Amino acid sequence: MAKNYIYTFILFLFFSVAAVAQESKNNGSTRSQEPTIEGLSLYPNPNNTGKVYISSRLNLDKKVEIFDVLGKKVIDTILYTKELNVSNLNPGVYIIKIKEGEASATRKLIIN
C-alpha cells in the first residue's frame with residue numbers, strides 16, 4: 001500500500017515538473033519583440049471632436065494605421081504633426097497601431 005502512494009507521488013511530481021518546464025518554454029517568445037514608443041500619449045480618448053492628438057518623447061514622424069473591429073484598415077497615413085483627423089470614422093471601437101522609427105505601439109481608440 002505504501003508503494004502505491006510513493007508511485008503516485010513520483011508520478012504527480014513528474015507531471016508537475018513537466019508542466020512547469022512547458023510553461024517556461026512558452027514564455028520565451030520566438031518572434032522578436034519591437035521596442036515600445038517612449039512617452040506615447042493618445043488623447044482625447046474616447047473622442048467626439050474629430051481630431052486625435054498623438055505625441056511621444058521623440059516626436060518623430062509616425063506611421064498610423066487604424067483598424068475597425070473586423071480588422072479592416074480604415075486609415076493608413078504618416079503623421080508629421082501631432083494632429084490626426086478622424087472625423088470620417090463612424091462611432092465605435094477601433095484599434096490604432098502607431099510606428100515611430102523601430103518602436104511601435106497598439107492602443108484602443110473609441111469614437112463617440
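Note that the structure is a prediction, hence the values are computed from the model and not measured.
- Partners of N45 according to the side-chain hydrogen bond (donor to acceptor under 3.5 Å, both in side chains) rule, which considers only residues two or more places apart in sequence or in another chain, do not exist here.
- You'll find the side chain of P44 reaches within 4.5 Å of the side chain of T49, heavy atoms only.
- Every residue two or more places apart in sequence or in another chain was checked for a side-chain hydrogen bond (donor to acceptor under 3.5 Å, both in side chains) with R107, and none qualifies.
- Counting heavy atoms from C-beta outward, K62 and S56 have side chains that approach closer than 4.5 Å.
- Taking K63 as the reference, D76 meet the side-chain hydrogen bond (donor to acceptor under 3.5 Å, both in side chains) condition, with sequence neighbours excluded.
- Counting non-hydrogen atoms of other residues, nucleotides and ligands closer than 6.0 Å to NZ of K99 gives a total above 12.
- Within the 4.5 Å cutoff, the side chain of N88 has no heavy atoms near those of the V74 side chain.
- L84 and L42 end up in the same hydrophobic cluster when Ile, Leu, Val, Met, Phe, Trp and Tyr side chains are linked at under 4.5 Å.
- Y94 is connected to L40 through a chain of hydrophobic side-chain contacts under 4.5 Å among Ile, Leu, Val, Met, Phe, Trp and Tyr, so both are in one cluster.
- Looking only at distances, a side-chain donor or acceptor of E100 sits under 3.5 Å from a matching main-chain atom of L60.
- Following chains of ILVMFWY side-chain contacts shorter than 4.5 Å, one can reach I98 starting from V86, so the two form part of one hydrophobic cluster.
- Linking ILVMFWY side-chain heavy atoms closer than 4.5 Å, directly or via other members, places I111 and L79 in a single hydrophobic cluster.
- Between Y43 and S55, some side-chain heavy-atom pair lies under the 4.5 Å cut-off.
- For F67 against K97, the heavy-atom pair with the smallest separation is CE1-CB, 4.4 Å.
- When side chains are defined from C-beta on, V69 does not count as touching I95, because their heavy atoms never get closer than 4.5 Å.
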Next item on the list: Assess whether side-chain contact (heavy atoms from CB on, under 4.5 Å) is satisfied between V64 and I54, documenting all intermediate values.
Entry: CA-CA 10 Å; V64 178; I54 303 170; 4.2 Å; yes

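- Here the CG-CD1 distance, from N48 to I110, works out to 12.0 Å after rounding to the nearest 0.5 Å.
- Counting only heavy atoms from C-beta outward, the side chains of P91 and N112 never approach each other to under 4.5 Å.
- Using a 4.5 Å heavy-atom threshold, the side chains of D68 and V93 count as separate.
- Using a 4.5 Å heavy-atom threshold, the side chains of I75 and E65 count as separate.
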